[in-house]
Amino acid sequence: MANQSSSCPILCASFNQDNSGFAISTKDGFKIFDSNTGRLCYERSFGAFIIVEMLYSSSLLAIVGAGEQPSLSPRRLCLFNTATGAPLRELPFLTSILAVRLNRKRHLIERRTVIPLLSTFHRRLLVVLQENTYIYDSNSLAMLDTIDTVPNLKGLCAFSPSLDGCFLALPASTTKGAVLVYNVMELQSHCEIDAHRSPLAAIALSSNGTYIATASEQGTIIRVHLVSEATKSYSFRRGTYPSTIFSLSFAPSLQLPDILAATSSSGSVHIFSLGFDTNQRSCSPSCASQCCFCRSQKLCSGSQGRQSC
């Protein structure tokens with residue numbers, strides 16, 4: 001098994017917007033699985049891909065090649081139809097594509113006809129490059145806006161698929177942990193949050209667009225801000241010593257309490273709960289030391305007055 005995994009490494013792994021499915025890519029192609037059953041839903045073997053982005057459970061994929069073949073350039077985005085097994089459209093760029101995000105927003109339009117309501121879908125396609133982020137209408141592929149960003153070598157970004165709070169988060173500085181929050185549907189900047197003293201290492205938006213979580217390159221503190229007001233809601237101490245935060249992720253729950261998970265180079269997974277009194281929002285070092293799920297099987301409350309885990 002070890003030899004097999006080393007000879008065929010995973011190039012990318014990603015969930016769809018509602019976490020009902022996930023995609024895995026290797027040098028031989030990509031596969032799509034059902035999250036609940038683990039059933040293989042689709043597979044395609046025609047080269048290596050570094051990005052496979054799904055649009056919920058639809059047949060539309062956004063894929064980017066790893067560059068091992070001339071036809072699979074990392075500077076070319078392909079919209080692929082799994083139902084027909086054929087590409088729909090391609091978008092070329094001058095530099096490598098670092099991240100892609102898709103969304104779909106449904107509108108109910110009232111009509112004075114026999115059919116009173118008409119459903120329409122407004123889709124957004126986001127393409128993150130090193131110094132630019134492009135926003136498209138994915139129905140027509142018309143470019144709607146361009147965001148000039150600071151150098152974003154890792155392609156850090158977070159996107160909320162919420163119907164009401166459709167936000168995009170991008171680094172706003174290379175010297176400190178500032179994050180730009182952009183309203184993708186209204187095509188305007190929402191706010192800028194100074195979250196950390198050090199540059200950002202990870203960003204995550206909750207599925208309903210209510211919270212944004214950030215971690216700096218220092219990796220000791222994770223902060224959660226309320227997006228609507230750009231105010232700090234929670235501050236969690238992951239640990240005392242610096243560590244690289246690999247990822248942040250909110251649980252896909254529709255009701256409070258929200259759960260935030262963090263993975264790091266320390267080899268642990270920390271899980272924090274955001275469901276307590278918002279007037280008591282600081283997590284103590286002693287509490288944070290027990291919130292590593294893989295060791296203690298417990299949740300960190302994030303409460304200043306209640307330091308139990």
Side-chain angles (χ1 to χ4, degrees), residues 1-2 5-6 9-26 33 35 38 50-54 98-101 128 152-161 169-171 177 179 195-196 198-207 210-225 233-253 257-275 282-302 309:
M1 181 65 69
S5 62
S6 61
I10 294 176
L11 300 181
C12 77
S14 60
F15 284 92
N16 63 355
Q17 290 81 357
D18 58 7
N19 297 284
S20 62
F22 63 94
I24 293 179
S25 172
T26 67
F33 296 89
S35 298
I50 54 173
I51 294 175
V52 179
E53 184 74 9
M54 306 169 64
L98 303 179
V100 176
R101 297 292 184 267
V128 179
N152 186 7
L153 302 180
K154 298 179 181 179
L156 282 179
C157 68
F159 187 46
S160 169
L170 296 164
V179 57
H196 304 271
S198 303
L200 294 173
I203 319 171
L205 278 161
S206 60
S207 59
T210 302
Y211 293 113
I212 180 171
T214 58
S216 72
E217 293 179 350
Q218 191 73 10
T220 55
I221 299 292
I222 297 170
R223 292 192 171 95
V224 179
H225 286 74
S233 296
Y234 301 90
S235 183
F236 300 105
R237 178 170 289 277
R238 184 212 55 82
T240 304
Y241 299 101
S243 180
T244 301
I245 303 296
F246 293 140
S247 65
L248 296 170
S249 181
F250 286 93
S253 61
D258 283 300
I259 301 297
L260 174 66
T263 63
S264 68
S265 58
S266 63
S268 61
V269 177
H270 288 71
I271 299 180
F272 306 96
S273 173
L274 281 65
S282 177
C283 178
S284 69
S286 61
C287 181
S289 66
Q290 300 179 41
C291 68
C292 178
F293 182 77
C294 62
R295 293 175 185 169
S296 68
Q297 304 283 320
K298 296 180 180 180
L299 298 179
C300 176
S301 67
C309 293

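No hydrogens, no waters, no symmetry mates; every other heavy atom, side chains included, goes into these values. On a predicted model such as this, the values are computed, not experimentally measured, just so you know.
S14 places a side-chain N or O within donor-acceptor distance of the main-chain N or O of V52, the cut-off being under 3.5 Å. In this structure, the side chain of S35 engages the main chain of G21 through a donor-acceptor pair within 3.5 Å. Looking at Q17, its side chain does come within 3.5 Å of a backbone N or O of M54 through a donor-acceptor pair.
In this structure, CD1 in I10 is found 8.5 Å from OG1 in T26, a value given to the nearest 0.5 Å. To the nearest 0.5 angstrom, F159 atom CZ is 11.0 Å from L170 atom CG. Rounding to the nearest 0.5 angstrom, the gap separating the CG atom in L260 from the OH atom in Y234 is 11.0 Å. Taken from OG in S249 to CD1 in I259, the straight-line distance is 11.5 Å, to the nearest 0.5 Å. Atom CG of L200 is separated from atom OG1 of T214 by 6.0 Å, given to the nearest 0.5 angstrom.
Residues K154 and P171 fail the side-chain proximity criterion, which asks for heavy atoms closer than 4.5 Å.
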Determine whether N16 and D18 satisfy the following criterion, side-chain contact (heavy atoms from CB on, under 4.5 Å), listing intermediate values before the conclusion.
CA-CA 6 Å; N16 63 355; D18 58 7; 3.1 Å; yes
Full working for side-chain contact (heavy atoms from CB on, under 4.5 Å) between C12 and I50
CA-CA 6 Å; C12 77; I50 54 173; 5.6 Å; no
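Listed here is the closest heavy atom pair of A99 and G155: CB-O, 3.8 Å. Closest of all the heavy-atom pairs between A262 and F272 is CB-CE1, 4.5 Å. When all heavy atoms are compared, the tightest approach of A215 to L248 is N-CD1, 3.9 Å. In this structure, A201 and L156 approach most closely via the heavy-atom pair O-CD2, 3.5 Å. For the pair S233 and Y211, the tightest heavy-atom approach, listed with the atom from each and the gap, is OG-CE2, 3.9 Å. Across every non-hydrogen atom of S160 and S207, the tightest pair is OG-O, 3.3 Å.
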List the atom pairs, with distances to 0.1 Å, where a side-chain N or O of residues 216-224 and a protein N or O form a donor-acceptor pair under 3.5 Å, not counting sequence neighbours.
{"unit_1": "S216", "atom_1": "OG", "unit_2": "Q218", "atom_2": "N", "d": "3.2"}
{"unit_1": "R223", "atom_1": "NH1", "unit_2": "A195", "atom_2": "O", "d": "3.0"}
{"unit_1": "R223", "atom_1": "NH1", "unit_2": "H196", "atom_2": "ND1", "d": "3.2"}

